Participant: 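My structure is below; once you've seen it, I'll send some questions.
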Amino acid sequence: MKELDDLKNIALSLIENVKNMDELSQIKIKLLGKKSELTSLMKSLKDIPAQERPQFGEKINSLQKMIEDKLNDTKEKIYDAEQNLKFKSEAIDITLPGISNDIGNLHPLSIVLNDIEKIFTSMGYEVVPAHDIETTYYNFDALNISQTHPARDEQDTFYINSEQVLVTATSPMQIRVMEKNKPPIKIISPGRVYRTDEIDATHLPMFHQIEGLVVNKNITMSDLKGTLNVFAHELIGENIQTRFRPHYFPFTEPSAEMDVTCFVCSGSGCKTCKHTGFIELLGCGMVHPKVLKNAGIDPDEYSGFAFGMGLERIAMQRFGIEDIRLFYENDLRFINQF
Ligand code: DAH
């Protein structure tokens, strides 16, 4: 009995001083394991006189139970303490300022192209992207550009071989659209175009155009003027003026160029508009009957108008950009301004 009391005191003080889970499991083995004092006391039970045995047995059992309970309590306490420590070390200070990600922005050419597409799609036009490579048939012949036209010259056109070129305009897409679709047709066709121009502040061998084509019964020059008038006002502003000047294109007859009030001086005259108050926005005209015919559309039944404009030039005027090369240098100091 004395031994049991001593054991109880030792066990209690051992458990009380446990600091972590490792120590706890060692002490558990020491107090309750096969080689523990408690186990050997249990084994000695058979040597005890029969009448004392129940009382002794009961005392051993309750000591064992008490040790187990204490160990479990301690285990819970240590677990809680360790968890708390872990939470503390992993805590996130939500009052710290955040780290913001740099968000990209649209390229100025994309901004202008999106605006133009929005204006025409709101008028019921479909957007059909143009090709980069065409046969000389689509790029020239079908558009009524004669064999002797200067545009066919190798000095203006990138020939891939004698039959294929990098497109010199988005106009060939007119033919492809008319071949595939019956009127009514109402499309715009944005794309890259290529010319063997020397690089300078206003010329690059690659730039962008947007083509437009409308074909239906009874389409007239007044449809062309009305549509492009609305377009110019939507794109540039309600207060501008437009004017149409006669011009020549092989694929339209009659042909015109449309001017708009100069963005820079609002019409009073400056260097940009060469003191005319107007700048050229696009080329346009009534689709030449030969072109309709080439694309399989009967010019006696249908008529149409077409137009084409350069994207870079419009963006340069709108944003006051003086060098076309800036668009393609991928300099964020430039691009982030828009
Ligand atoms: N293809 C012409 C050019 O590259 C632009 C153009 C003018 C397109 C008149 C047209 C048009 O569709 O009708 O300069």
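Each ligand, and each atom within it, is numbered from 1 in the order the structure gives. Count residues from 1 along the sequence. In this text the structure is predicted, and so the values were computed from the model without any measurement.
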Participant: Relative to the heavy atoms of T252, which atoms of ligand 1 are at a distance of less than 4.0 Å?
Facilitator: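 In order of number, 13 (O).
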Participant: Using non-hydrogen atoms of the residue, decide whether R195 is closer than 4.0 angstrom to ligand 1.
Facilitator: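 Under 4.0 Å: yes for R195.
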Participant: Please confirm whether T168 comes within less than 3.5 Å of ligand 1 when only nitrogen or oxygen atoms on both sides are compared.
Facilitator: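 Checking ligand 1 against T168, no N or O pair falls under 3.5 Å apart.
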Participant: Going by atom types alone, do T196 and D156 pair a side-chain donor with an acceptor below 3.5 Å?
Facilitator: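 The criterion, which ignores hydrogens and geometry beyond distance, is not satisfied for D156 and T196.
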Participant: Charged N to carboxylate O below 4.0 Å: is that the case for D300 and K293?
Facilitator: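 No, D300 and K293 are not salt-bridged.
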Participant: With heavy atoms of G285 as the reference, note each atom of ligand 1 found under 4.0 Å away.
Facilitator: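 Once the distances to G285 are compared, the set is 13 (O).
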Participant: Is the distance between the ring centroids of F120 and F307 under 6.0 Å?
Facilitator: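 Between F120 and F307, the centre distance is under 6.0 Å.
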Participant: If the cut-off is 4.0 Å to any non-hydrogen atom of A169, which atoms of ligand 1 fall inside it?
Facilitator: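 Ligand 1 atoms under the 4.0 Å threshold to A169: 1 (N), 4 (O).
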Participant: Decide whether the shortest distance between a heavy atom of Q209 and an atom of ligand 1 is less than 4.0 Å.
Facilitator: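 Yes, Q209 has a heavy atom closer than 4.0 Å to ligand 1.
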Participant: Does the pair K2/D6 count as a salt bridge with the N-to-O cut at 4.0 Å?
Facilitator: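 Looking at D6 together with K2, the answer is yes, because their closest N to O distance falls below 4.0 Å.
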Participant: Looking only at distance, does F249 have an N or O less than 3.5 Å from an N or O of ligand 1?
Facilitator: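 No, there is no polar N/O contact under 3.5 Å.
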Participant: Carefully, step by step, assess E211 and S171 under the rule side chain to side chain donor-acceptor pair (under 3.5 Å).
Facilitator: CA-CA 6 Å; E211 194 79 10; S171 307; 2.9 Å; yes
Participant: Closest non-hydrogen protein atom to atom 1 (N) of ligand 1, residue and atom name please, with distance?
Facilitator: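 Result for atom 1 (N) of ligand 1: S171 OG, 3.0 Å.
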Participant: Does the pair Y328 and E312 meet the rule for a side chain to side chain donor-acceptor pair (under 3.5 Å), with working shown?
Facilitator: CA-CA 11 Å; Y328 297 101; E312 278 80 355; 2.4 Å; yes
Participant: Mind listing the closest non-hydrogen atom pair of P190 and L113 along with its distance?
Facilitator: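 So the minimum-distance heavy-atom pair works out to CB-CD1, 3.8 Å.
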Participant: So if I count the atoms of ligand 1 from 1 in the order they appear, which ones are less than 4.0 Å from some heavy atom of A306?
Facilitator: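 Those qualifying, in numeric order: 12 (O), 13 (O).
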Participant: How close does the nearest protein non-hydrogen atom get to atom 11 (C) of ligand 1, and which residue and atom is it?
Facilitator: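 It is F251 CE1, 3.6 Å.
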Participant: Relative to the heavy atoms of G308, which atoms of ligand 1 are at a distance of less than 4.0 Å?
Facilitator: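 Near G308, meaning under 4.0 Å from one of its heavy atoms, ligand 1 has 6 (C), 8 (C), 10 (C), 12 (O).
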Participant: Taking heavy atoms and a distance under 4.0 Å, where does E253 meet ligand 1: side chain, backbone, both or neither?
Facilitator: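 It is neither; nothing of E253 touches ligand 1.
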Participant: What protein heavy atom sits nearest atom 12 (O) of ligand 1, and how far away is it?
Facilitator: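 It is E211 OE2, 2.5 Å.
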Participant: Running the 4.5 Å side-chain criterion over Ile, Leu, Val, Met, Phe, Trp and Tyr, what cluster does V215 land in, apart from itself?
Facilitator: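 Members alongside V215: V128, Y137, Y138, F140, L143, I145, Y159, V165, M173, I175, V177, M178, I185, I187, L213, F249, F251, V287, V291, L292, I297, Y302.
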Participant: Taking the basic N atoms (NZ, or NE/NH1/NH2) and the acidic carboxylate oxygens, is any pair closer than 4.0 Å for R325 and D200?
Facilitator: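 Looking at R325 and D200, the cut-off is not met.
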Participant: Heavy-atom contacts with Q174 under 4.0 Å: which atoms of ligand 1 show up? List them by number with element.
Facilitator: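 So the atoms of ligand 1 that pass are 12 (O).
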